[in-house]
Structures are given as structure tokens and as C-alpha cells.
Amino acid sequence: MPAHRNSFKQALSQGKRQIGCWMSFADGQIAEIMGTCGFDWLVIDGEHAPNDIRSIRDQLIALAASPSHPVVRVPVGETWMIKQVLDAGAQTVLVPIVESADQARELVRACHYPPIGVRGVGATAARATMFGTVTEYIQTADQEVCLLVQVENRAGMAALDEILQVEGIDGVFIGPADLSTDMGHQGNSAHPEVRAAIADAITRIKAAGLAPGILGTTDEATQAYADMGAQFLAVGIDVMVLAKNARDLAAKWKTD
């Protein structure tokens, strides 16, 4: 039995737009609920949410029966972290703050088995092989792993064309909050200078044959990114969705 087909990776390669949402609760039950909502993909955020490898694993389990594809964002692009989330069953990995082609090449190596990469050959006892039942996993896993790199500062933008030439990358995610802050606009991703930089990056990513991605947290921003051509487009964050709706509900019914 080969590795499970990565439908998200296939959709990106076919140019299909994929609509997603961020998950920051670090909770399996919340992930299971989010998996019923109809998103194409869901981010298990290991960078800013209080996740560890066990909570990431639990959310992967919670999404196993969902049509929404889980994307695991590791805290940093460390090889050992990538090895852990892949063995836990992730097929798509998102890596923050990628600033050079050399860094991107090391990430590709981390996602692949030898002789191409350095991933440890020990998945027989891991969830990735369903504990040894996916008998051809080692032979087929590489082609199903999807690597998404985040370009979110001036250094990454300056190196973007070189990063785009690295074989083994499936998509590039632009981080608007980090980028705007690094450009001197302190999280104001709607600043015209930032919007222009994002639009230019998306154009270059598409021209290189890769999928551009981004997160919008307002309808205006999301529509702007969609119009720019973002292909894997996150349209919200679960914590913000809950907070906004709960606050609106309280304001609607609360009396002084």
C-alpha cells in the first residue's frame, strides 16, 4: 500500500484555488469542529499557538475523517521538527521566515528520505504509516509531501526569485503582518507600499509555476489578495472568528 495521496498538493499543481482557515486553539475537539465547516485546508499553527507534537498529532487525528486537508506550520524550519510532524502523519508542512535559497534547499532535504534528503527512516512505528500498515510508505512518501515556505520580510523578498528556483517547493506563502512590520509599517498590511510588494510577489510566484498563498483577516484584505491571484488563501483564524461572534452576540443582547 502506497502513501495516501495528497489531494491538496494535487489541487495546487492543477492551479485550483484552495480556501482555508487558521487554527490557533491547539485543541483536537476544535479541530474536529473546524473539519466540518467546508474549508479546503486548515492550518495547525505550531508557531504562535500553544502547540507541541502531541497536540499537533491529536489535531491530525481529529481531521483524519475530514475533507479539509491539514497543513502543519512548524515554529521554525528545524529539520528535527519537520521529521516529527511528518512521522505524526502530516503531509503538508508550512515553514515560517524563509530568507534564502540555501535555507529552502535544507527544508526540501528535511522533507525527503535519502538519498535526496535526510528524513530518518523510522516511520514503521509512527502514525505516518498507520503503524506499519502502509507498507510502501518509504518508497512513495516523498512525492506526496507538500512543502510551503513563508516569505515574510525584506530579506525573503530580496531572495524570492532564487527561492522560487529551488526544486521541491510547492508553494510560497506571503506573511502580510510580518512583512508590513519589517517594512516599517508595524503590522499595517493594508499600507499601499505593502500591498504593492505582496502583489508583485504573488505575480512572481505564479510566473515561476508555484502556488502563492496568504492569510486575510478582513473581507477587504481577503478580496484584495484573491484579486491579486492568491491560490491557497486563508480567510480567517478560528480564535478571531469565535471572539468576534461572541462579542457581537454579547453586544446585541446585553443591557446596561
So, the side chain of [X] versus the backbone of [Y]: is there a donor-acceptor pair under 3.5 Å, distance only?
| X | Y | answer |
| --- | --- | --- |
| D200 | A196 | no |
| T124 | G132 | no |
| D182 | R154 | yes |
| T129 | Y137 | no |
| R73 | D45 | no |
| E99 | A155 | no |
| T181 | G187 | yes |
| T140 | A3 | yes |

With a 4.5 Å cut-off on side-chain heavy-atom distances among I, L, V, M, F, W and Y, is there a chain of contacts connecting [X] to [Y]?
| X | Y | answer |
| --- | --- | --- |
| I116 | V149 | no |
| M34 | I19 | yes |
| I30 | F39 | yes |
| W80 | Y113 | no |
| I61 | F131 | no |

Atom [atom1] of [X]: over 12 foreign heavy atoms under 6.0 Å:
| X | atom1 | result |
| --- | --- | --- |
| E220 | CD | yes |
| R5 | CZ | no |
| Q29 | CD | no |
| D219 | CG | no |

- Can you list the steps and then say if D161 with Q165 is a side chain to side chain donor-acceptor pair (under 3.5 Å)? CA-CA 7 Å; D161 290 337; Q165 294 175 24; over 6 Å; no
Do [X] and [Y] have side chains that approach each other closer than 4.5 Å (heavy atoms only, starting at C-beta)?
| X | Y | value |
| --- | --- | --- |
| D238 | L242 | no |
| C21 | I237 | no |
| Y225 | R195 | yes |
| V151 | I163 | yes |
| V108 | L147 | yes |
| S13 | D170 | no |

Between [X] and [Y], which heavy-atom pair has the shortest distance, and what is it?
| X | Y | result |
| --- | --- | --- |
| R119 | A128 | NH2-CB, 4.2 Å |
| A226 | L233 | CB-CD2, 3.9 Å |
| P2 | V134 | O-CG1, 3.3 Å |
| L12 | C146 | CD1-SG, 4.2 Å |
| K9 | V145 | NZ-O, 2.7 Å |
| P96 | V74 | CD-O, 3.2 Å |

- Message: I'd like to check the side-chain hydrogen bond (donor to acceptor under 3.5 Å, both in side chains) partners of D178; sequence neighbours left out, ordered by chain and number.
- Response: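 D178: no side-chain hydrogen bond (donor to acceptor under 3.5 Å, both in side chains) contacts found.
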- Task: With sequence neighbours excluded, tell me which residues meet side-chain hydrogen bond (donor to acceptor under 3.5 Å, both in side chains) with Q143.
- Result: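 Q143: no side-chain hydrogen bond (donor to acceptor under 3.5 Å, both in side chains) contacts found.
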- Message: If the test is side chain to side chain contact (heavy atoms under 4.5 Å, CB included), which one of I214, L160, V98 qualifies with V172?
- Response: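 Exactly one option meets the side chain to side chain contact (heavy atoms under 4.5 Å, CB included) with V172, and it is L160.
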- Apply side-chain contact (heavy atoms from CB on, under 4.5 Å) to I82 and C111, showing your working. CA-CA 7 Å; I82 293 171; C111 289; 3.8 Å; yes
Assess the side chains of [X] and [Y]: does a donor N or O sit below 3.5 Å from an acceptor N or O?
| X | Y | result |
| --- | --- | --- |
| H69 | T92 | yes |
| N51 | Q59 | yes |
| N6 | Q10 | no |

- Message: My understanding is that only residues two or more places apart in sequence, or in another chain, count here; which of them pass ring pair (Phe, Tyr, Trp, His ring centres under 6.0 Å) with H4?
- Response: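 Per chain and number, H4 pairs via ring pair (Phe, Tyr, Trp, His ring centres under 6.0 Å) with no residue.
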- Query: Are D58 and R54 close enough for a salt bridge, meaning some N to O gap below 4.0 Å?
  - Reply: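 A salt bridge is absent here (no side-chain N lies under 4.0 Å from a carboxylate O).
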- Considering only NZ, NE, NH1 and NH2 on the basic side and carboxylate oxygens on the acidic side, decide whether D87 and K83 come within less than 4.0 Å.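 Salt bridge between D87 and K83, a charged N being under 4.0 Å from a carboxylate O: no.
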- Query: W22 vs F173 aromatic rings, parallel, tilted or perpendicular, using cut-offs 30° and 60°?
  - Reply: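 W22 and F173: tilted rings.
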- Task: With side-chain contact (heavy atoms from CB on, under 4.5 Å) as the test, would you mind laying out the steps for V76 and M81 before giving the verdict?
- Result: CA-CA 8 Å; V76 293; M81 291 184 185; 3.9 Å; yes
- Any chance you could measure S24, atom OG, to M240, atom CE, to the nearest 0.5 Å?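 The distance works out to 10.0 Å.
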